[in-house]
Amino acid sequence: MNFIVDATIKAAKLLYQTDITAADVTLQQTRKEFEGQVTIVTFPFVKFSRKSPEQTGTEIGAFIQNEVDVVAGFNVIKGFLNISITDAYWIEQLYQEISSSSFGTFPANGQKVMVEYSSPNTNKPLHLGHIRNNLLGYAVAEILKANGYDVIKANLVNDRGIHICKSMLAWQKFGEGETPESTGMKGDHLVGKYYVRFDRELKAQLSPILSAIYDKKDFTLFNSSEKLKLQTHIGTITYLEAAINKELIVIKLLDFSDFGSRAQILSKSAIDKNIPWKSVLKCFDDEEFENIEEKVIDKKKKDLQRILKHLTDLEEKIQKEKDEIKDVAQNKTQLLIQAQQMLEQWEAGDTEVISLWETMNSWVYAGFAATYKKLGVDFDQYYYESKTYLLGKDIIEEGLAKQVFFKKDDGSVWIDLAADGLDEKLVLRSNGTSVYITQDLGTAQLKYNNYSVDKSIYVVGNEQDYHFKVLFLILQKLGKSWARGLFHLSYGMVDLPSGKMKSREGTVVDADDLMDEMEQTAKTQTEQLGKTADFSEEEKQQLYYTIGMGALKYFLLKVEPKKRLLFDPNESIDFQGHTGPFIQYTHARIKSVLKRAGFNFGAKGTDVKELDAVERDLILTLSQFPEAIMQAARDYSPAIIANYVYDLAKTYNKFYQEKPILKADDEVVKQFRLQLSAATAKIIAKGMRLLGIDVPERM
RNA sequence: GCAUUCGUAGCUCAAUUGGAUAGAGCGUCUGACUACGGAUCAGAAGGUUAGGGGUUCGACUCCCUUCGAGUGCACCA
């Protein structure tokens with residue numbers, strides 16, 4: 001629609017002697033209830049036209065109609081100038097632009113971009129959170145490719161550290177030589193099993209230490225600074241408990257009967273400290289509230305929450321203190337000491353440890369490879385943290401020389417980001433070893449050295465927002481020219497109704513399990529519809545996989561990345577409505593019609609002169625595909641593509657329902673509608689491919 | 001406590017980046033030629049965009065503030 005913008009600029013110059021740029025012209029699609037396809041917002045022009053928005057719109061409209069021959073007419077409603085483009089133009093668009101094979105892919109722009117995603121730890125299998133990460137990363141890479149970038153997909157594997165040592169140690173102690181072969185388990189699951197085992201054993205070793213601290217006030221295991229720390233935390237807990245007791249005096253006088261009989265019982269047991277106050281809030285789940293209006297319950301809930309807020313806050317603070325104590329105490333367990341030793345041995349290059357590490361990692365990699373394959377994602381470049389964790393020290397030297405960093409008396413190196421609203425941040429330990437951010441500084445440099453990329457995208461969860469903010473800021477302060485091209489694609493966590501997923505506690509939705517379940521659901525649904533009678537067994541399996549993964553992928557990608565996602569394992573992912581299978585179905589149906597017609601794509605030329613509203617809408621929607629691709633790349637948001645494709649499928653279905661294709665009265669009209677259908681199927685397939693979703697020919 | 005993200009129909013999500021009467025799906029209710037493929041289509045009901053202020057021709061969108069939810073604030077990674 002550039003010609004409309006150009007004409008508007010010309011209109012401003014000739015009618016009002018004012019120079020404006022393309023950015024000053026707000027173009028949007030005309031709302032369905034008005035006539036026309038393109039709308040110019042005229043309010044901004046009033047300043048220099050010195051006329052009412054309506055009059056300005058009328059004048060510009062008349063000018064544009066006169067200037068551009070494909071403009072058939074216009075109308076002005078309030079400050080909105082709606083322009084109608086001729087049907088001939090839209091038909092031309094369909095045949096020339098939309099149907100061309102290059103539609104929706106931009107020519108190479110000469111820029112390189114690296115997309116780092118997945119980045120798993122090698123001590124446990126992938127879960128739903130990783131799936132979101134992988135799909136986002138893959139889709140963003142595909143979208144950038146379509147925009148003309150040269151894309152490198154990278155995976156920074158976190159293959160070293162205390163977490164792997166935990167799995168290794170547990171396997172060594174309790175594994176009895178189990179292997180993926182001997183157990184028939186996928187390697188990553190086997191290693192994950194021992195990670196969970198470690199945690200269980202650790203808890204067992206921890207409890208006598210904790211009881212020594214709490215019950216006997218026995219600190220013999222700890223050195224003086226640890227002892228001081230523990231005593232401080234215990235002091236705080238005592239203080240918080242006193243605060244609770246004080247609060248209880250008031251609470252005891254309250255009558256909870258307002259909130260039902262369940263609340264009375266629960267509050268009594270909370271007063272006796274048998275249950276936490278937090279669980280008193282669950283009293284509304286009781287059946288006595290079944291017949292009461294939700295609004296009333298909501299109000300009561302809020303009232304109760306307010307009354308108990310002090311207590312629940314205090315409880316939370318106590319929990320935090322206890323966690324701190326646990327952290328200190330844990331370091332005295334035999335298991336954790338051994339795991340630490342193992343890490344040191346690894347760093348020292350101990351052959352036995354290294355060999356165990358290599359073996360267990362190889363199990364995990366085989367498992368990951370299977371999961372990645374099923375998920376349909378891949379990588380061009382692997383980085384391993386075991387190789388990069390020592391990087392970054394030369395950057396520290398560079399920073400010190402440039403006086404971006406400073407050294408404290410104990411030898412540790414810091415950067416002061418107070419001027420940027422952040423804190424002081426450690427970049428090198430006093431013993432000269434790297435911290436997390438040191439490695440990341442080094443790895444960023446390495447990536448640039450390897451590929452001289454113009455942009456580098458990190459697909460990492462939003463819990464690391466602060467880390468990346470600091471990382472990028474440091475690189476900018478060091479004067480790295482490429483630091484401007486760094487971007488943290490931060491996405492929200494995937495939560496379960498019960499809260500956060502924690503692999504140690506077993507509250508995770510496993511990636512492999514979930515994919516299998518989706519396939520199974522697809523099978524059940526398809527069999528119910530009974531449309532696959534003539535499919536071979538292999539075709540069926542392929543179809544269930546395509547549909548199941550389509551549902552899952554679409555479900556995760558249609559939501560804006562930064563929003564957190566709630567996944568309820570008890571509610572299966574839909575196959576109807578705003579879903580992947582809906583779009584896949586639309587594609588399959590078009591293919592079926594085309595096949596019946598024996599349609600030959602690319603056969604040119606018809607004499608259709610006029611379009612019906614639904615046909616025009618469809619061409620209009622199709623023509624917006626490149627814009628959606630650009631926008632998706634600019635915002636790094638596959639959700640834009642997902643919503644566009646849905647909109648397209650929906651628009652097509654409306655057309656399909658209203659207009660006969662094979663039974664069209666006229667052969668010319670029939671050919672035209674076939675062309676329109678074929679173009680739609682192609683764009684749907686292309687759009688879905690950008691999301692990593694395949695569309696079946698039949699389903 | 002400080003920082004940061006989010007809050008839109010009962011539920012899950014949109015809203016062309018500051019534009020018109022805030023749109024879809026699920027769920028509920030009502031319809032669609034003996035299906036060009038019904039995993040579809042048409043219609044109804046459902047909203048004080050968490051509350052309050054401000055900026056302006058115009059605010060879901062920007063600013064301030066209150067409330068609520070998440071996350072981060074280690075010489076861990």
Side-chain angles (χ1 to χ4, degrees), chain A residues 26-34 39 41-44 46-47 53 77-80 82 121 158 160-163 294 302 305 327 385 389 408 410-414 421-423 426-437 439-440 461-467 469 490 492-493 495 499-500 525-526 528-529 531 547 551 555 558-560 562-566 568 571 574-579 581-586 588-593 596-597 624 627-628 631 634-635 639-640 642-644 646-647 649-650 653-654 656-664 670 673 677 698-699:
Chain A
T26 324
L27 271 198
Q28 56 186 323
Q29 194 188 335
T30 305
R31 292 205 151 216
K32 292 246 155 64
E33 58 266 37
F34 303 109
T39 295
V41 184
T42 63
F43 291 108
V46 173
K47 267 174 272 161
I77 293 160
K78 294 206 240 167
F80 299 92
N82 303 321
N121 290 354
N158 190 1
R160 93 162 195 118
I162 190 74
H163 44 280
E294 266 181 51
K302 276 191 182 154
Q305 254 173 13
D327 280 351
E385 220 180 272
Y389 84 106
K408 286 194 179 174
D410 61 3
S412 57
V413 182
W414 297 73
L422 307 172
D423 299 329
L426 177 90
V427 292
L428 196 72
R429 290 196 193 102
S430 52
N431 65 8
T433 54
S434 302
V435 288
Y436 181 33
I437 203 156
Q439 311 171 29
D440 267 6
N462 63 11
E463 41 194 4
Q464 298 203 33
D465 284 356
Y466 185 77
H467 171 75
K469 211 166 159 179
S490 161
M493 295 289 104
D495 291 325
K500 214 183 162 183
Q525 296 263 337
T526 309
Q528 260 174 25
L529 294 167
K531 291 190 207 171
I547 296 176
F555 174 80
K558 76 170 177 185
V559 183
E560 206 62 40
K562 72 176 169 188
K563 290 202 174 178
R564 68 187 259 261
L565 208 61
L566 198 75
D568 188 344
E571 263 178 56
D574 278 331
F575 282 60
Q576 269 141 28
H578 190 178
T579 67
F582 168 91
I583 298 164
Q584 290 173 322
Y585 173 77
T586 306
R589 195 167 58 175
I590 294 173
K591 284 293 173 146
S592 164
V593 173
R596 274 169 168 270
Q624 285 157 354
E627 206 184 313
Q631 207 187 328
R634 199 190 55 207
D635 297 353
I640 288 168
N643 286 310
Y644 168 80
Y646 172 69
D647 189 41
K650 208 169 155 45
N653 284 338
K654 192 181 168 75
Y656 177 87
Q657 205 75 22
E658 281 185 30
K659 299 292 166 195
I661 300 169
L662 299 177
K663 292 178 190 163
K670 177 179 160 182
R673 287 180 182 159
S677 300
R698 294 196 300 157
M699 65 186 277

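Naming convention: chains lettered A, B, ... in sequence-line order (proteins, then strands); numbering from 1 in each chain.
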For rC75(B) and rG52(B), measure between their P atoms and round to the nearest Å. 44 Å
Check whether any side-chain heavy atom of Lys562(A) sits under 4.5 Å from a side-chain heavy atom of Asn462(A), and report yes or no. no
Could you tell me the separation between the CZ atom of Arg564(A) and the P atom of rU8(B), rounded to a whole number of Å? 11 Å
Base of rU17(B) relative to its sugar, syn (within 90° of 0) or anti? syn
Give me the distance, rounded to whole Å, that separates rG25(B) from rA9(B) when you measure between the C1' atoms they each carry. 12 Å
Write down the distance separating the C1' atoms in rA20(B) and rU61(B), rounded off to the nearest Å. 16 Å
Closest non-hydrogen atom pair, Ala642(A) against Lys558(A): CB-CA, 3.8 Å
Value rounded to 0.5 Å, distance of CD1 in Ile640(A) from CD in Glu560(A): 6.0 Å
Nearest-angstrom distance, C1' atom, rC26(B) to rG1(B): 42 Å
Geometric class of the Phe43(A)/Phe80(A) ring pair [parallel <30°, tilted 30-60°, perpendicular >60°]: perpendicular
Which heavy atom of Met699(A) sits nearest to which heavy atom of Ala588(A), and what is that distance? CG-CB, 3.8 Å
Under 3.5 Å side-chain donor-acceptor pair for Ser490(A) and Asp465(A): yes
Is there a side-chain contact between Thr526(A) and Lys531(A), using heavy atoms and a 4.5 Å cut-off? no
Complementary nucleotide for rC26(B) - Watson-Crick or wobble, under 3.5 Å: rG10(B)
With a 3.5 angstrom cut-off on both distances, give the Watson-Crick or G-U wobble partner of rA3(B), or none if there isn't one. rU71(B)
Complementary nucleotide of rG46(B), counting Watson-Crick and G-U pairs under 3.5 Å: none
C1'-based separation of rC13(B) from rU49(B) [nearest Å]: 14 Å
Taking only side-chain N and O atoms of Lys563(A), does any of them lie within less than 4.0 angstrom of OP1 or OP2 on rU12(B)? no
In whole angstrom, give me the gap between the P atoms of rU4(B) and rU48(B). 31 Å
Determine yes or no for a side-chain-to-main-chain donor-acceptor pair under 3.5 angstrom, with Ser430(A) supplying the side chain and Gly411(A) the backbone. no
Rounded to whole angstrom units, what separation is found between the CG atom of Leu565(A) and the P atom of rG70(B)? 16 Å
Measuring only between side-chain heavy atoms, which start at C-beta, is Tyr656(A) closer than 4.5 Å to Val593(A)? yes
Is any side-chain heavy atom of His578(A) closer than 4.5 Å to a side-chain heavy atom of Asn643(A)? yes
Side chain to side chain donor-acceptor pair (under 3.5 Å) partners of His163(A), counting only residues at least two apart: none
Going from NZ on Lys408(A) to CH2 on Trp414(A), what distance comes out if it is rounded to the nearest 0.5 angstrom? 4.5 Å
Between Glu560(A) and Asp465(A), which is nearer to the 5' end of RNA chain B once each is assigned its nearest nucleotide? Asp465(A)
Take atom CG of Asp635(A) and atom C1' of rU16(B), then tell me their distance rounded to the nearest Å. 11 Å
Find the partner of rU16(B): check Watson-Crick (N1-N3 plus N6-O4 or O6-N4) and G-U wobble (N1-O2, O6-N3) distances, both under 3.5 Å, and reply none if neither fits. none
Is the closest side-chain heavy-atom distance between Tyr585(A) and Thr579(A) below 4.5 Å? no
Return yes if a side-chain donor-acceptor contact under 3.5 Å exists between Asn653(A) and Arg589(A), otherwise no. yes
Taking a pair as Watson-Crick or G-U wobble with both distances under 3.5 Å, which nucleotide is matched to rA39(B)? none
rU61(B): pairing nucleotide in any strand, Watson-Crick or G-U under 3.5 angstrom: none
Shorter than 3.5 Å, N or O on both sides, protein versus nucleotides 59-64 of chain B: list them out with atom names.
none

Partner lookup for rU34(B), please. Criteria are Watson-Crick or G-U wobble with both distances under 3.5 angstrom; report none if nothing qualifies. none
Using a cut-off of under 3.5 Å, enumerate the N/O to N/O pairs linking the protein to nucleotides 20-22 of chain B.
from, atom 1, to, atom 2, distance (Å)
rA20(B), OP2, Arg31(A), NH2, 3.1
rA20(B), N6, Thr39(A), OG1, 3.0
rA20(B), N6, Asn82(A), OD1, 3.1
rA20(B), N1, Asn82(A), OD1, 3.4
rU21(B), OP1, Lys78(A), NZ, 3.0

Contact class for Arg673(A) (heavy atom, under 4.0 Å): base, sugar-phosphate, or nothing? nothing
Roughly how many Å is it from OH in Tyr646(A) to C1' in rG23(B), rounded to a whole number? 10 Å
Could you write nucleotides 33-44 of chain B as a row of B, S and -, 5' to 3', where a protein heavy atom under 4.0 Å of any base atom gives B, of only sugar-phosphate atoms gives S, and otherwise -? ---BBSBBSS--
rC29(B) versus rU71(B) - spacing of their P atoms, nearest Å: 38 Å
Is the backbone of Val435(A) close enough, under 3.5 Å, to the side chain of Arg429(A) for a donor and an acceptor to pair up by distance? no
To the nearest angstrom, the CG-P distance between Leu566(A) and rC11(B) comes to 12 Å
What does the B/S/- profile of nucleotides 72-77 of chain B look like, 5' to 3', with a 4.0 Å heavy-atom cutoff to protein? S--BSB
Quick one: list whatever passes salt bridge (Lys or Arg N to Asp or Glu O under 4.0 Å) with Glu627(A), sequence neighbours left out. none
Distance-only donor-acceptor test (3.5 Å): side chain Glu627(A), base rU16(B): no
Using the P atom as the point on both nucleotides, what is the distance between rU16(B) and rC33(B), in whole Å? 38 Å
